[in-house]
Amino acid sequence: MSSASPSADTVFSRVRQDLACGISLLTRIPVGWLLTHKQKDATAPWPLARSIWCWPIVGAAIGALTGGFLSLMEAFSIAPLPAAGVALAAQGMITGAFHEDGLADMADSYGAQTRERKLDIMRDSRIGSYGVLALCLSILIRAGAMAAFPAAFLIPILAVSACVSRAAMLWLPRLLPAARPDGVARALSPLPRMPFIGAQLVAIAITLGSLVCAAFYREGPDGLPHALMVGCVVWVSAGLGAALVGFSARRQLGGYTGDVLGASVSVAECLVLATLTALFQN
């Protein structure tokens with residue numbers, strides 16, 4: 001019994017560190033409470049690549065919080081569209097607009113002709129007209145879609161879209177080389193196989209669990225096949241969004257960067273939410 005305890009403690013501490021790494025990367029939530037004293041005092045870099053298994057979980061939590069906040073506002077008779085705008089602002093406070101920054105930077109890079117200049121623009125903190133346009137379109141699509149969903153389904157839908165978009169993002173560092181020899185994206189190369197598989201399985205479980213519960217609430221047991229079909233549509237939409245961004249990054253930049261990963265999440269989430277609106281059109 002005593003010989004098993006250190007091993008169990010080690011696994012638990014690794015899980016806590018992975019969660020702290022994922023949460024600190026994808027949100028602005030303090031994570032010191034998750035770390036052991038030894039981990040707080042350590043000087044070694046955090047295991048960014050090892051933590052990818054929990055990124056879909058963090059994404060689902062962000063989506064669920066956004067959906068819960070939006071549902072609460074609609075319960076107080078706030079109109080759906082302005083409520084969606086406020087909910088997105090609250091989400092931006094949680095995430096630090098991390099993915100939106102990547103979307104804007106990647107959009108701005110299309111104004112340059114050479115690969116080197118594109119990468120320089122993506123490091124520039126200033127935003128150009130392409131970046132502004134990309135952000136406006138992203139907010140418009142997401143807010144419009146969120147306003148179209150019934151309040152009862154906001155939490156599962158937004159949790160699934162945020163979860164799947166982050167799982168789809170991980171295919172880029174899995175399939176593409178890093179465009180730079182440094183930066184956050186470089187820390188993911190090569191992407192470890194088991195955490196990657198774990199992330200995909202976690203995302204599938206969250207997707208099926210959320211959609212099955214929503215379908216059962218809406219249609220009873222007869223809605224379960226419908227939930228499976230919607231799950232497939234969600235994954236295809238997210239995969240298409242990530243693939244489009246990945247193809248463009250490979251062609252324009254020669255690989256992926258942290259901004260490319262953020263852009264893929266934004267595009268994938270927009271496609272998922274826009275596609276899901278078809279379920280609630282009469």
Side-chain angles (χ1 to χ4, degrees), residues 25-27 48 52 55 59 62 84-85 88-89 91-92 95-146 161-162 164-191 234-277:
L25 176 69
L26 300 176
T27 75
L48 184 65
I52 61 172
W55 292 9
I62 293 169
L88 286 175
Q91 184 187 83
T95 64
F98 183 61
H99 303 303
E100 288 81 0
D101 177 70
L103 176 66
D105 286 343
M106 187 173 181
D108 278 336
S109 73
Y110 285 103
Q113 299 298 318
T114 65
R115 173 181 178 274
E116 291 73 19
R117 181 57 183 151
K118 290 177 186 293
L119 291 172
D120 287 341
I121 289 175
M122 293 172 74
R123 281 198 187 278
D124 194 335
S125 60
R126 293 170 296 181
I127 186 171
S129 56
Y130 288 0
V132 171
L133 179 59
L135 287 177
C136 289
L137 289 173
S138 171
I139 294 171
L140 176 64
I141 292 170
R142 286 185 291 159
M146 290 162 62
S161 64
V164 173
S165 61
R166 284 154 181 82
M169 168 191 70
L170 294 174
W171 283 93
L172 271 62
R174 184 69 181 173
L175 299 175
L176 299 178
R180 292 193 183 104
D182 58 355
V184 173
R186 182 61 182 172
L188 298 176
S189 181
L191 202 68
V234 164
W235 273 90
V236 169
S237 300
L240 178 61
L244 290 172
V245 174
F247 176 79
S248 177
R250 178 63 171 168
R251 184 175 180 181
Q252 299 287 329
L253 306 172
Y256 72 94
T257 67
D259 287 330
V260 169
L261 299 183
S264 74
V265 170
S266 294
V267 173
E269 196 164 5
C270 284
L271 284 180
V272 169
L273 291 175
T275 302
L276 288 178
T277 59

Hey, what do you get for [atom1] ([X]) to [atom2] ([Y]), rounding to the nearest 0.5 Å?
X      : Y      : atom1 : atom2 : value
Ser109 : Asp259 : OG    : CG    : 8.5 Å
Met122 : Arg180 : CE    : CZ    : 6.0 Å
Ser165 : Ile62  : OG    : CD1   : 9.0 Å
Asp105 : Asp101 : CG    : CG    : 4.5 Å
Trp55  : Leu25  : CH2   : CG    : 5.0 Å
Ser248 : Tyr110 : OG    : OH    : 2.0 Å

Heavy-atom side-chain contact between [X] and [Y] under 4.5 Å:
X      : Y      : value
Val245 : Met169 : no
Ile121 : Arg117 : yes
Met106 : Lys118 : no

Between [X] and [Y], what is the shortest heavy-atom contact and its length?
X      : Y      : result
Ser264 : Ala242 : CB-CA, 4.3 Å
Gly255 : Ala179 : C-CB, 3.8 Å
Gly131 : Asp108 : N-OD1, 2.7 Å
Thr275 : Ser237 : OG1-OG, 3.2 Å
Pro173 : Leu261 : CD-CD2, 3.6 Å
Ala167 : Trp235 : CB-CH2, 3.9 Å

### Message
As a quick check of understanding, evaluate side chain to side chain contact (heavy atoms under 4.5 Å, CB included) for Leu119 and Thr257, giving each step before the final call.
### Response
CA-CA 9 Å; Leu119 291 172; Thr257 67; 4.0 Å; yes
### Derivation of the side chain to side chain contact (heavy atoms under 4.5 Å, CB included) call for Ile127 and Leu135
CA-CA 10 Å; Ile127 186 171; Leu135 287 177; 3.6 Å; yes
### Task
Show your reasoning for whether side chain to side chain contact (heavy atoms under 4.5 Å, CB included) applies to Leu175 and Arg250.
CA-CA 10 Å; Leu175 299 175; Arg250 178 63 171 168; over 6 Å; no
### Test log, rule side chain to side chain contact (heavy atoms under 4.5 Å, CB included), inputs His99 and Leu26
CA-CA 8 Å; His99 303 303; Leu26 300 176; 4.0 Å; yes
### Query
So, Ser266 versus Ser138: side-chain donor-acceptor pair below 3.5 Å or not?
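No.
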### Test side-chain contact (heavy atoms from CB on, under 4.5 Å) applied to Arg174 and Leu191, Leu188, Ile52, the passing residue
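By the side-chain contact (heavy atoms from CB on, under 4.5 Å) criterion, Arg174 pairs with just one of Leu191, Leu188, Ile52: Leu191.
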